[in-house]
Peer 1: 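Okay, here's the structure, questions in a sec.
Here the structure is a predicted model, which means the values were calculated and not measured.
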Amino acid sequence: QVQLVESGGGLVQAGDSLRLSCAASGRTFSSYAMGWFRQAPGKQREFVAAISRIGSNTYYEDSVKGRFTISRDNAKNTLYLQMNSLKPEDTAVYYCAARLFNAVATIFYTSLDYGTWGQGTQVTVSS
């Protein structure tokens, strides 16, 4: 099973950018479809973005489309989330998640689809 460790969170101002990373270890990273989720205080965990095993397909939650970009580097066993034009409502703990799957182009966008999660990284956007 793959292990996931997120990094790159922090405190920024509205309009700033951050890049989150999710380092994977333990099994072949390219065997996993990946996703980013977030959870704000008092709210349920919500989907942010997803990417297929080889990066051919991506999918975004509507509120982050055009601002966030999910990508992966299978040679470095790392998933990324580039976040631009950050807003206070983006404040949350961000989690990466992995799903072992055969098809290389499939993406998943519900939390129940994922079996492995990182510990999360805090992103705080001040107004």
Peer 1: What is the distance from atom OG of Ser71 to atom CG of Leu79, rounded to the nearest 0.5 Å?
Peer 2: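 CG of Leu79 is found 7.0 Å from OG of Ser71.
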
Peer 1: Considering all heavy atoms of both residues, which atom of Pro88 and which atom of Ser127 are nearest to each other, and what is their separation?
Peer 2: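 Looking at all heavy atoms of both residues, the closest pair is CG-CB, 3.8 Å.
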
Peer 1: Specify the closest pair of heavy atoms between Tyr114 and Thr110, including all atoms of both residues, with the distance to one decimal.
Peer 2: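 Closest pair (atom of Tyr114, atom of Thr110, distance): CD1-O, 3.3 Å.
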
Peer 1: When hydrophobic residues are tied together by side-chain contacts of less than 4.5 Å, even through go-betweens, does Trp117 share a cluster with Val123?
Peer 2: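 They do not share one cluster, since no chain of ILVMFWY contacts under 4.5 Å joins Trp117 to Val123.
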
Peer 1: Less than 4.5 Å apart, any side-chain heavy atom of Tyr95 and any of Leu4?
Peer 2: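 A side-chain contact is absent here, since even the closest heavy-atom pair is not under 4.5 Å.
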
Peer 1: Could you state whether Phe68 and Tyr109 fall into the same hydrophobic cluster, counting links through intermediate Ile, Leu, Val, Met, Phe, Trp or Tyr residues with side-chain heavy atoms under 4.5 angstrom apart?
Peer 2: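 No; Tyr109 is not reachable from Phe68 via cluster members.
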
Peer 1: Restricting to pairs with a member in residues 55-68, which pass salt bridge (charged side-chain N to carboxylate O under 4.0 Å, His left out), not counting sequence neighbours?
Peer 2: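 Qualifying pairs: Asp62-Lys65, Arg67-Asp90.
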
Peer 1: For the residue pair Thr91 and Val125, what are the closest heavy atoms and their distance?
Peer 2: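 Heavy-atom minimum between the residues: OG1-N, 2.9 Å.
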
Peer 1: Run through Phe108, Phe37, Tyr94 and flag the one making a ring-ring contact (aromatic ring centres under 6.0 Å, His included) with Phe47.
Peer 2: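 Among the candidates, only Phe37 passes.
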
Peer 1: Return the CG to OG distance between Asn74 and Ser30, rounded to the nearest 0.5 Å.
Peer 2: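 The distance works out to 5.0 Å.
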
Peer 1: Find the distance between OH (Tyr80) and CH2 (Trp36) and round it off to the nearest 0.5 Å.
Peer 2: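 So the gap between those two atoms works out to 10.5 Å.
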
Peer 1: Donor-acceptor pair, Ser52 side chain versus Asn57 backbone, under 3.5 Å?
Peer 2: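 Side chain of Ser52 to backbone of Asn57, a donor-acceptor pair under 3.5 Å: yes, one is there.
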
Peer 1: Would the distance check show the side chain of Arg53 and the main-chain N or O of Asn102 forming a donor-acceptor pair, the cut-off being under 3.5 Å?
Peer 2: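 Judged by distance alone, yes, a pair lies under 3.5 Å.
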
Peer 1: Spell out, yes or no, whether Leu86 and Val93 are grouped together once hydrophobic residues are joined by side-chain heavy atoms under 4.5 Å, including indirect joins.
Peer 2: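 No, because Leu86 and Val93 fall into different hydrophobic clusters, even though each may have its own neighbours under 4.5 Å.
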
Peer 1: SG of Cys96 to CD of Gln119: how many Å apart, nearest 0.5 Å?
Peer 2: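 If I round to the nearest 0.5 Å, the distance is 7.5 Å.
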
Peer 1: Identify the two heavy atoms, one from Tyr60 and one from Ile70, that lie closest to each other, and give their separation to 0.1 Å.
Peer 2: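 Heavy-atom minimum between the residues: OH-N, 2.9 Å.
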
Peer 1: Leu20 versus Met83: any side-chain heavy-atom pair under 4.5 Å?
Peer 2: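 The answer is yes, as the side chains (C-beta and beyond) meet within the 4.5 Å cut-off.
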
Peer 1: Would you name the heavy atoms of Gly26 and Gln3 that are closest together and state the gap between them?
Peer 2: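 It is CA-OE1, 3.7 Å.
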
Peer 1: Side chain of Glu6, backbone of Gly120: donor and acceptor closer than 3.5 Å?
Peer 2: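 Flag set: sc Glu6 to bb Gly120 pair under 3.5 Å.
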
Peer 1: Find the distance between CZ (Arg99) and CD1 (Ile107) and round it off to the nearest 0.5 Å.
Peer 2: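 Here the rounded value is 13.0 Å.
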
Peer 1: Looking at OG of Ser111 and CD of Gln39, how far apart are the two atoms once the value is rounded to the nearest 0.5 Å?
Peer 2: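 Nearest 0.5 Å value for the OG-CD distance: 9.5 Å.
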
Peer 1: Could you walk me through whether Ile51 and Tyr32 satisfy the side-chain contact (heavy atoms from CB on, under 4.5 Å) test, starting with their C-alpha distance in whole Å, then the side-chain angles of each, then the deciding distance to 0.1 Å, before giving a yes or no?
Peer 2: CA-CA 9 Å; Ile51 189 166; Tyr32 291 82; over 6 Å; no

Peer 1: Taking all non-hydrogen atoms of both residues into account, name the closest pair between Ala33 and Arg72 and its distance.
Peer 2: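 Ala33 and Arg72 have their closest heavy atoms at CA-NH1, 4.2 Å.
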
